[in-house]
Amino acid sequence: MAARKNVLYLFDVDGTLTPPRQRISEQLRDFLLQQVQPRVRLGLVSGSDYGKIVEQLNGEDVAAKFDYVFCENGLVHYQNGELKSKQSILNHLGETKLQKLINFALNYLSKIELPAKRGNFIEFRSGMINISPVGRSCSQAEREQFVVYDTEHRIRAKFVEALQDEFKDINLTFALGGQISIDVFPTGWDKTYCLNHVAEAKFDEIHFFGDKTVPGGNDYEIFTHESTLGHTVTSPDDTKEQLKKLLNI
Ligand code: M1P
């Protein structure tokens with residue numbers, strides 16, 4: 001096989017390498033590590049935190065095999081299994097603004113009724129806050145039930161409108177990253193943030209693969225960024241098919 005190219009293939013996780021919030025298949029994992037990685041460098045970028053990404057990859061040892069793992073849009077950044085940098089939304093916003101946000105969200109959530117409400121409504125991460133109306137500790141069945149209810153009643157979309165209105169003076173982005181939650185982070189801390197960490201490597205090409213690449217989707221900014229070649233995928237199987245064509249495997 002020819003020498004590895006100075007090219008980075010960067011993948012979203014949910015809907016691109018795995019079904020939403022589920023685990024990667026052994027077949028796709030082996031394909032990436034055995035067939036793709038000898039040809040190009042591999043990176044992941046997700047809104048999720050490190051714990052969730054590791055769970056979805058089936059272990060820290062698998063995560064460590066990727067050249068780059070960008071958690072929370074790259075606000076937490078691992079390279080070859082080693083933690084390299086971490087941004088803090090707390091330092092950025094300060095306690096007062098952060099509490100204003102959390103209190104507003106808790107108050108808003110206390111006034112809506114849903115088919116189910118569970119626990120872990122506000123997850124405090126290093127570089128972002130994740131707010132979930134149904135609660136992150138819901139079961140898979142409750143998650144799916146929320147998705148249907150949310151599509152019909154626009155629970156998250158209306159919540160985002162209320163947040164945008166309340167916090168119009170603070171430079172925050174409220175993004176519908178996944179199925180049951182809203183990611184809140186300072187504007188600019190979207191997935192393009194991770195590109196700062198690869199600038200030094202001077203890759204000849206950076207390919208990005210994601211499923212939420214239309215405006216409003218959390219892959220849109222990196223998909224359309226001038227430094228990337230964007231690929232829209234529809235499922236993990238589609239990702240594999242596109243990789244086979246691109247790399248002639
Ligand atoms: O797909 C990325 C998103 O995954 C989760 O979303 P949800 O649980 O709502 O499906 C969250 O970790 C979210 O932060 C992340 O953007």
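Counting starts at 1 for both ligands and their atoms, in listed order.
Between His197 and Ser85, some side-chain heavy-atom pair lies under the 4.5 Å cut-off. Side-chain contact between Arg143 and Val134: absent, with no pair of heavy atoms (C-beta onward) separated by less than 4.5 Å.
Ranking the protein heavy atoms by distance from atom 2 (C) of ligand 1 puts Asp14 OD2, 3.3 Å first. The protein non-hydrogen atom at the shortest distance from atom 6 (O) of ligand 1 is Gly178 CA, 3.4 Å. The protein atom (non-hydrogen) at minimum distance from atom 5 (C) of ligand 1 is Ser48 OG, 3.8 Å. Summary of contacts: the protein heavy atom closest to atom 14 (O) of ligand 1 is Asp183 OD1, 2.5 Å. Looking from atom 9 (O) of ligand 1 to the surrounding protein, the closest heavy atom is Ser181 OG, 2.6 Å. Closest to atom 8 (O) of ligand 1, if we only count protein heavy atoms, is Arg136 NH2, 2.7 Å.
Below 3.5 Å of separation, one finds no N or O of Arg21 facing any N or O of ligand 1. Taking any N or O of Asn130, backbone or side chain, at least one lies under 3.5 Å from an N or O belonging to ligand 1.
Ring geometry for Tyr9 versus His207: interplanar angle of 30 to 60°, hence tilted. Using the six-membered ring where Trp is involved, Tyr78 and Tyr50 have ring planes that are parallel, under 30° apart on the 30 and 60° scheme.
Aromatic rings of Phe174 and Phe159 (six-membered ring for Trp) have centroids beyond the 6.0 Å cut-off, not under it.
Using a 4.0 Å cut-off to heavy atoms of Arg143, the atoms of ligand 1 that qualify are 7 (P), 8 (O), 10 (O).
Contacts between Ile180 and ligand 1 below 4.0 angstrom, taking non-hydrogen atoms only, involve backbone and side chain alike. Only side-chain heavy atoms of Arg125 come within less than 4.0 Å of ligand 1; its backbone N, CA, C and O stay farther off.
At least one donor-acceptor pair closer than 3.5 Å links the side chain of Thr228 to the backbone N or O of His225.
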Requested in this report: Report the C-alpha distance between Asp237 and Lys240 in whole Å, list the side-chain angles of each, state the deciding distance to 0.1 Å, and finish with yes or no for salt bridge (charged side-chain N to carboxylate O under 4.0 Å, His left out).
Outcome: CA-CA 5 Å; Asp237 285 345; Lys240 188 174 176 186; over 6 Å; no
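There is no side-chain donor-acceptor pair under 3.5 Å between Asn73 and Asp190.
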